[in-house]
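Convention: sequence-line order gives letters A, B, ...; per-chain numbering from 1. FYI, side chains are in, hydrogens and waters are out, and symmetry mates aren't considered; it's all heavy atoms of this structure.
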Amino acid sequence: MSRVQPFEWEKPLVELEERIKELKRFCSRAKLDFSEEIANLERKAWTLRREIYASLTPYQRVLMARHPHRPTTLDYIRLVFDDFVEFHGDRTFRDDGAIVGGVALFEGQPVTVVGPQKGRDTKENVARNFGLPHPEGYRKALRLMKQAEKFGRPVITFIDLVGAYPGVEAEERGQGLAIAQCIEGMSFLKVPIISVITGEGGSGGALALGVADRVLMLENAWYSVISPEMCASILWRDSARAAEAAALLRLSPTDLLKFGIIDDVITEPLGGAHRDHAFTGMQIRAFIRRYLAEIKRIAPERLVEERLARFRKLGQFREKRLAEI
Amino acid sequence: MSRVQPFEWEKPLVELEERIKELKRFCSRAKLDFSEEIANLERKAWTLRREIYASLTPYQRVLMARHPHRPTTLDYIRLVFDDFVEFHGDRTFRDDGAIVGGVALFEGQPVTVVGPQKGRDTKENVARNFGLPHPEGYRKALRLMKQAEKFGRPVITFIDLVGAYPGVEAEERGQGLAIAQCIEGMSFLKVPIISVITGEGGSGGALALGVADRVLMLENAWYSVISPEMCASILWRDSARAAEAAALLRLSPTDLLKFGIIDDVITEPLGGAHRDHAFTGMQIRAFIRRYLAEIKRIAPERLVEERLARFRKLGQFREKRLAEI
Amino acid sequence: MMMNLEEAPEGLWTRCDGCAQMVFSKELEKTGFLCPTCGHHFRIGAFQRLAMLVDEGSFTPFPPLVAANPLDFPGYEQKIKQAQEQTGLDDAALVGKAAIQNTDCMLAIVDFSFMGGSMGSVVGEQLVRCFERATAERLPVVVVSGGGGGARMQEGVFSLMQMAKTVQAVGRHSRAGLLFVSILTHPTMGGVYASFAALGDIVLAEPGALIGFAGPRIVAETTREKLPEGFQTAEFALEHGLIDAIVPRPQLAQYVSRLLEWHR
Amino acid sequence: MMMNLEEAPEGLWTRCDGCAQMVFSKELEKTGFLCPTCGHHFRIGAFQRLAMLVDEGSFTPFPPLVAANPLDFPGYEQKIKQAQEQTGLDDAALVGKAAIQNTDCMLAIVDFSFMGGSMGSVVGEQLVRCFERATAERLPVVVVSGGGGGARMQEGVFSLMQMAKTVQAVGRHSRAGLLFVSILTHPTMGGVYASFAALGDIVLAEPGALIGFAGPRIVAETTREKLPEGFQTAEFALEHGLIDAIVPRPQLAQYVSRLLEWHR
Ligand SMILES: [Zn+2]
Ligand SMILES: [Zn+2]
């Protein structure tokens with residue numbers, strides 16, 4: 001991995017950690033024993049880190065969700081499952097590299113896995129279109145989910161995309177229809193579905209992979225109808241005010257849990273998933289194990305009914321009072 | 001319609017008819033009464049015509065099937081049905097003009113109609129790709145047939161194409177798969193299906209629209225795995241020997257009826273469907289009425305079982321004798 | 001509440017987006033708001049659409065719902081109130097039971113003039129009720145979409161969830177073997193198109209209507225390409241196999257009634 | 001009957017189609033008929049394929065069938081007889097029950113060397129029986145296709161009907177919730193590809209295999225265009241979304257056995 005600039009709010013912490021490192025080097029060179037002082041400093045650094053990450057603003061979490069070293073879907077697949085075979089293609093037009101999918105083994109049980117795939121470098125990002133799917137991606141996803149239904153195996157989706165790709169060809173080939181069909185297909189799928197929002201969850205492009213029985217979300221992920229930047233640009237014609245928009249949109253896991261949009265929040269390592277891929281993977285594995293056990297027991301028809309009921313009740317409005325009519 | 005050269009075998013007849021016309025003109029000009037002689041001549045012409053068309057070779061029928069004034073699918077739709085609304089598109093990539101389809105009223109009952117569409121002139125032929133479908137055409141056909149299934153209405157397909165289009169883009173977008181899926185979809189469709197082979201029935205491209213409960217065929221249509229020209233070119237590296245190949249392939253309605261491939265032959269006006277569109281349409285209407293009444297009574301599951309049984313038994317082979325093993 | 005044609009172009013003369021000619025407004029009302037010169041289809045409001053599409057006096061609206069403010073989004077209540085006053089609508093969808101040339105159906109009309117026809121909780125809920133009642137009464141559904149950007153930003157993730165909710169109501173209705181005719185008018189984009197509107201058994205569009213997921217401005221900005229001629233128009237959608245047919249406004253009621261009859 | 005590797009390249013040295021190098025034939029047998037220089041997959045016969053794919057001694061073939069001559073096509077009987085003598089096969093498909101790394105399945109292998117692997121009544125019937133028995137015994141099906149032009153011209157319309165017949169057998173098997181792994185080897189074209197072979201739940205291909213409906217020569221003649229680089233290769237099919245994965249021959253048995261295990 002290439003070196004990445006720390007976030008602005010991490011800078012005091014990074015500086016302190018640098019100082020401690022230097023002090024240690026100096027002591028070792030000078031053969032001095034400052035171990036007690038160093039231990040103290042390290043405790044302080046730990047406290048500082050806890051404080052910093054406990055008080056992140058919604059937009060800081062959005063930036064964490066986009067960290068270039070944050071695990072991607074293929075990373076999670078490697079970390080969470082024991083084996084994986086990737087299947088390609090929409091059987092109509094193209095294989096969309098922005099969405100990966102296939103069959104994986106989860107603790108001995110075959111499951112179908114689908115998710116968007118961001119690249120790690122420029123070349124990969126071009127091949128994967130920065131993880132922004134074309135209609136073919138959604139058609140592949142739906143094809144694999146229907147396959148899962150045929151063979152009665154659960155579906156796990158990972159969600160990390162700012163939206164479906166807004167391109168000429170994507171529109172030509174029916175981006176909107178592909179998303180609608182993916183939502184429809186997932187809604188009535190007669191097998192358990194778990195979605196894990198691992199990073200960005202932007203608009204219909206994200207929802208198209210998120211119509212699940214249990215929706216889980218990493219601590220530093222976001223999920224909304226629009227990205228904070230686009231929201232700011234619409235509200236104030238100034239995408240630089242994204243931080244304000246992020247706060248207005250209530251896109252954080254805490255809010256979404258309260259709203260009943262998601263079912264649980266998966267804690268990340270302190271400082272974000274990118275700091276410890278293995279730990280993040282273990283966390284996700286534990287959550288999937290728990291929720292899969294829960295929904296695997298439910299009969300398929302019942303499962304679909306409950307899934308539909310879950311979404312049926314989302315929305316807030318009131319009857320018009322008589323006086324208003 | 002533009003003037004079209006008569007077929008070689010029609011020339012004596014055309015000449016005789018020309019002579020009679022001239023004689024009539026002469027009599028009318030000269031105010032002579034040759035009406036008895038003319039009536040005699042006309043009887044002779046009629047006999048000649050009957051003789052000519054009773055003894056057509058298989059390849060002559062193939063040429064009749066390709067006559068440029070032969071009715072197209074849209075002609076038949078106009079002639080056979082009372083009303084028609086055309087629906088477009090495969091909902092994935094494109095609307096293929098080489099296949100038309102929609103809902104029509106057949107004697108008061110809505111039915112779904114699908115068929116390839118040849119053009120009448122160069123411009124139309126380019127737009128319709130000479131009636132040679134791309135994968136989108138088969139996907140549109142299948143989509144409309146599934147729609148018919150949802151609403152429980154019968155499907156009527158017309159077949160008149162020498163094959164699916166052998167083009168680069170057609171292959172890119174999965175011509176073979178689209179054909180296979182269309183065959184699959186028709187095979188299990190829970191509504192009555194009647195196919196009418198109206199002209200050419202060439203290879204998998206034709207079969208993809210012909211998996212029906214009743215397969216009817218116009219008198220001067222052909223149906224085989226390969227066109228006579230291609231067959232000749234493979235057998236003798238000489239497509240000019242197509243007439244010989246046509247005889248070998250047993251592609252005429254009489255043979256196909258004997259083989260159990262088709263259920264009935266629809267007689268054309270003497271000299272071919274192109275000589276009398278209205279009559280041909282009436283004929284087709286009568287046959288559809290009869291066979292639709294027959295299969296409409298059958299319960300959907302039973303219908304599918306019978307359709308599958310129909311194709312299951314097609315093929316000739318023998319068990320290997322003990323002595324051969 | 002329902003009788004004023006409040007969407008009529010203001011002023012005596014209106015400029016046509018199709019041919020740039022000035023059109024006499026009174027003239028427009030007579031033609032069904034089609035430009036007499038070029039046939040351009042002017043955007044019309046829900047009540048005008050209703051008057052053109054359904055049998056007179058046949059429409060019974062559902063009980064009205066009013067938007068809440070689930071995110072406490074600043075200024076949202078005022079925006080809603082303003083839109084209500086301007087349009088005479090409770091929210092962006094007019095939903096009820098109606099008859100089109102003597103065939104009963106459930107009908108929903110999305111109105112662009114109410115916050116760009118965006119789909120918040122109220123539009124979502126009303127559409128779901130529309131499909132649910134149609135399923136219960138075994139009736140076809142006709143929806144006239146024309147909902148701009150699609151999402152109601154001020155309701156954030158709740159707006160997003162309406163996509164799933166409406167799609168599921170369509171799915172249940174469809175699985176009951178019932179007909180859904182989706183009519184796309186200018187403009188049908190974003191979350192409205194990418195949910196219920198795209199999923200009609202039969203998808204019709206008015207000539208020239210903008211249809212798509214991402215707006216043309218966003219596509220142009222993202223791809224830095226010149227957009228192709230006629231990009232995202234109804235004609236473009238037809239060519240690309242995304243809709244069944246383009247039906248000019250004057251023929252729409254007749255066309256739809258025939259479909260309803262054939263699917264009785 | 002089954003033990004001779006009669007498809008091995010004749011002569012001591014064989015020219016590789018991939019890199020044009022001469023390869024020592026004995027060497028090829030050891031590598032699974034892969035070019036040691038460029039990895040090119042040589043075409044192999046049904047018995048060789050069988051030996052590489054299934055557990056030794058696990059294969060039980062179906063009762064043999066022999067082609068009739070339904071059209072009385074001149075010279076067809078002789079052609080069949082000749083092909084039988086040359087290949088040791090009854091017809092172009094070797095069909096039976098087998099085990100792949102200890103998982104039972106029904107297996108069919110289409111052999112190019114028997115009249116170009118074309119599908120007449122015998123191949124069609126054997127494939128149908130393969131899927132029917134698999135449905136009855138609730139077993140997965142593995143088919144290795146490699147059937148040239150697809151149609152058996154000498155059986156005319158009967159050859160065509162095998163497309164419908166096999167597709168229907170696949171459809172019944174699929175509707176019983178069972179797995180069909182379709183493996184496309186060089187070349188899988190025409191009626192073979194456009195029927196059962198395209199319809200696998202999982203469609204795999206060997207590297208470089210030609211896959212398509214119309215043959216490249218016909219496409220070039222019809223369109224009068226230069227064909228794109230790699231047209232109709234497995235790699236082309238993967239890029240265009242038509243197959244699930246490309247699996248090199250040495251990994252095939254292991255790959256397929258894993259799929260069978262996961263779908264037990
Ligand atoms: Zn105008
Ligand atoms: Zn080589």
Side-chain angles (χ1 to χ4, degrees), chain B residues 81-114 127-129 133-156 169-170 173-174 178 189-191 300, chain C residues 101 103 134-135 138-141 170-184 193-194 197-205 207 211-213 228 230 233-248 251-264:
Chain B
F81 303 101
D82 309 319
D83 198 356
F84 175 62
V85 178
E86 186 174 353
F87 295 145
H88 295 271
D90 66 343
R91 295 280 209 277
T92 308
F93 185 77
R94 196 176 66 104
D95 182 54
D96 187 350
I99 288 202
V100 295
V103 181
L105 270 197
F106 183 75
E107 307 193 334
Q109 183 195 6
V111 296
T112 287
V113 185
V114 173
R128 303 214 174 263
N129 198 37
H134 278 71
E136 303 77 85
Y138 293 107
R139 293 189 180 118
K140 169 165 72 173
L142 183 56
R143 178 175 81 80
L144 295 178
M145 291 195 260
K146 294 264 183 197
Q147 189 183 77
E149 184 178 47
K150 173 176 169 183
F151 295 109
R153 61 178 168 248
V155 172
I156 315 287
E169 292 202 14
R173 297 197 293 269
L189 208 73
K190 289 197 190 70
V191 288
Chain C
Q101 302 195 1
T103 310
T135 310
R138 297 204 61 75
L139 285 178
V141 174
V170 173
R172 279 199 198 249
H173 182 257
S174 178
R175 281 164 178 75
L178 299 166
L179 175 72
F180 167 27
V181 179
S182 179
I183 302 167
L184 314 181
Y193 177 60
L199 294 178
D201 293 298
I202 297 159
V203 182
L204 310 175
I211 299 163
F213 182 58
T233 57
E235 293 71 19
F236 180 91
L238 187 72
E239 190 190 322
H240 287 287
L242 302 175
I243 60 174
D244 282 295
I246 294 174
V247 185
Q251 294 154 37
L252 197 57
Q254 166 63 26
Y255 193 104
V256 171
S257 85
R258 191 162 49 156
L259 295 181
L260 297 184
E261 244 176 65
W262 291 4
H263 288 83
R264 233 191 311 229

Check your understanding: How close do K150(B) and D201(C) get, heavy atom to heavy atom, and via which atoms?
Key -> NZ-OD1, 2.7 Å
**Study point:** Closest contact, heavy atoms only, W262(C) versus D83(B)
**Key:** CZ2-OD2, 3.4 Å
Point to revise | D95(B) side, atom CG; H240(C) side, atom NE2 - distance, nearest 0.5 Å | key: 11.0 Å
Practice item. Pull out the residues in residues 141-149 of chain B that come under 4.5 Å of chain C, heavy atom to heavy atom, sorted by number. Key: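 Against chain C, the residues of residues 141-149 of chain B that fall inside the cut-off (heavy atoms, under 4.5 Å) are R143(B), Q147(B).
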Exercise for review: I would like to know whether V203(C) and H88(B) meet side chain to side chain contact (heavy atoms under 4.5 Å, CB included); could you show each step before the answer?
Suggested key: CA-CA 10 Å; V203(C) 182; H88(B) 295 271; over 6 Å; no
Exercise for review: Check whether E86(B) gets within reach of chain C through its side chain, its backbone, both or neither, counting any heavy atom under 4.5 Å.
Suggested key: backbone
Review point. In terms of heavy-atom proximity below 4.5 Å to chain C, should F151(B) be classed as side chain, backbone, both, or neither?
Key: side chain
Point to revise | CD/Q109(B): more than 12 non-hydrogen atoms of other groups inside 6.0 Å | key: yes
Check your understanding: Who among G177(C), A245(C), A237(C), A198(C) has the most heavy-atom pairs with chain B under 4.5 Å?
Key ->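 Counting heavy-atom pairs under 4.5 Å, the top option is G177(C).
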**Study point:** Contacting moiety of R258(C), where chain B heavy atoms sit under 4.5 Å
**Key:** side chain
Check your understanding: For L178(C), is it the side chain, the backbone, both or neither that has a heavy atom under 4.5 Å from a heavy atom of chain B?
Key ->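 Only the backbone of L178(C) comes within 4.5 Å of chain B.
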**Study point:** Heavy-atom pairs under 4.5 Å with chain C, option from V103(B), D96(B), T92(B) with the top count
**Key:**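 Max contact count across the listed options: V103(B).
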